[in-house]
Amino acid sequence: MRAKSLYGRDILTISDLKKDEVVLILETSRKMQSLVQSHKPSTLLTGKIMTALFYEPSSRTFGSFISAMQRLGGGIIPLQGVAYSSVVKGETLRDTVETFSKLSDIVVIRHPQEGSARIAAEVSSVPVINAGDGPGEHPTQALLDLFTITAHFKDISKLTITFAGDLLYGRTVHSLVALLSLYQPREVRLVSPNELRMPPRRVQKIKASGVNVRETQNFEEILEDTDVLYMTRVQKERFDDPLSYERLKDRFRITGKIMKDLKGTAILLHPFPRVTEIAREVDRDLRAVYLREQIPNGMYVRMALLSLILDSKQ
Ligand code: NCD
């Protein structure tokens, strides 16, 4: 079955997407990859403008949305480091989004408050893409992670996928486990210190979809039959208490020695930025795909999303 279209749609959480729509995004991403690799200029989105409204720090997501739009011939309003009061006032966000929705054809938003993208979509007269809403979700990262996984493995139902680190605040993991449940992997393993376990309602949701979920704090014992290892950063900015951050930040660390326990066919992902959770020596390992593959894939997937949402003929 083929998805009709994503034209004019918001992407706020992964649950907004049905499987056939995800398949369409992945197919379109592959076309975008060929387009970029052919070095041919594109005018697909000429005349369209994207606002990138980022209230939280970002390098890769911001950069790849900007690059994606420009590679398709579109224009940009890049707003990074937007000042905001520490107590987020819904009204201010609403006014800002409404303003930029009048100036552009799509608004990409990153904001520290969970649910902010949905508030933005309520007031926006153009489609909204969530580029991270606090500890909530980060659906475009999940799509690029899935795109990366499918380049290595044809059948996700055979995979054991292990997530490690900050599963409480790590929004990329929240979106990716929800997305993977559409593909029913053999097992999802969640490895975190007790304080950083994935919120129970999210774990419940994956279990309810029929996926086998195993939660543990013991990293070493679950590595050897892992096919995809997804590391995350402990999200310092979400901690009220700096001491608990210090205590938890280095709990799991991938080194060259740990990589020896991982299958030869396994892959190691990380949404980046990394702090100390993956040693630099690991970058040379061919199974480490975070720099070589996830970064360019992020651009292809965002090109696909922008074209599907903004071009009625896609
Ligand atoms: C992630 C994020 O912002 O959630 N980064 C990204 O978008 N690639 C992960 C993180 O900040 O740790």
Side-chain angles (χ1 to χ4, degrees), residues 11-14 29 50 52-69 78-82 84 108-117 120 128-149 163-179 190-193 195-196 198-199 202 228-239 245 248-254 267-278 283 288-303 305-306:
I11 309 286
L12 306 179
T13 74
I14 273 299
S29 303
M50 172 189 80
L53 186 58
F54 278 56
Y55 290 79
E56 271 193 336
S58 174
S59 305
R60 273 147 293 269
T61 307
F62 185 79
S64 75
F65 265 112
I66 301 286
S67 179
M69 192 63 183
L79 294 165
Q80 202 177 13
V82 183
Y84 61 96
V108 177
I109 183 167
R110 170 172 288 193
H111 189 278
Q113 188 186 5
E114 187 164 357
S116 51
V128 171
I129 299 182
N130 179 8
D133 60 329
E137 281 216 33
H138 192 348
T140 66
Q141 177 74 40
L143 288 162
L144 83 87
D145 295 335
L146 177 66
F147 184 69
T148 307
I149 294 169
F163 293 90
D166 185 347
L167 310 186
L168 174 62
Y169 298 124
R171 55 194 173 196
T172 71
V173 175
H174 298 165
S175 291
L176 184 53
V177 290
L179 181 56
L190 304 174
V191 193
S192 64
E195 298 89 327
L196 298 178
M198 185 171 288
R202 295 197 186 271
V228 177
L229 176 58
Y230 193 100
M231 287 301 294
T232 62
R233 169 181 76 91
V234 175
Q235 308 277 300
K236 183 178 185 180
E237 65 276 30
R238 315 261 178 245
F239 282 75
Y245 169 71
L248 296 167
K249 71 177 183 4
D250 296 323
R251 188 69 68 85
F252 303 120
R253 189 149 188 268
I254 304 286
I267 53 171
L268 171 63
L269 281 81
H270 190 305
F272 263 53
R274 107 180 102 191
V275 189
T276 52
E277 59 281 356
I278 301 181
D283 299 357
V289 298
Y290 36 82
L291 287 165
R292 259 193 316 275
E293 299 179 28
Q294 278 175 284
I295 307 285
N297 287 349
M299 184 175 67
Y300 309 142
V301 167
R302 289 169 179 129
M303 289 170 78
L305 284 169
L306 291 170

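Order of listing sets the numbers, starting from 1, for every ligand and every atom in it.
Under the rule for a ring-ring contact (aromatic ring centres under 6.0 Å, His included), the partners of F252 that lie at least two apart in sequence or sit in another chain are F219. Not a single ring-ring contact (aromatic ring centres under 6.0 Å, His included) links Y300 to another residue, sequence neighbours left out. Not counting sequence neighbours, the partners of Y290 by the side-chain hydrogen bond (donor to acceptor under 3.5 Å, both in side chains) test are D283.
Applying side-chain hydrogen bond (donor to acceptor under 3.5 Å, both in side chains) to R110 and the options T61, N130, D133 leaves one that passes, T61.
In this structure, a donor-acceptor pair under 3.5 Å is present between the side chains of Y230 and T172.
Within 4.0 Å of ligand 1, heavy atoms belong to protein residues T61, R110, H138, Q141, R171, T172, R233, Q235, P271, F272, P273.
Taking all atoms of both residues into account, the shortest heavy-atom contact from L291 to R274 is CD1-NH2, 4.4 Å.
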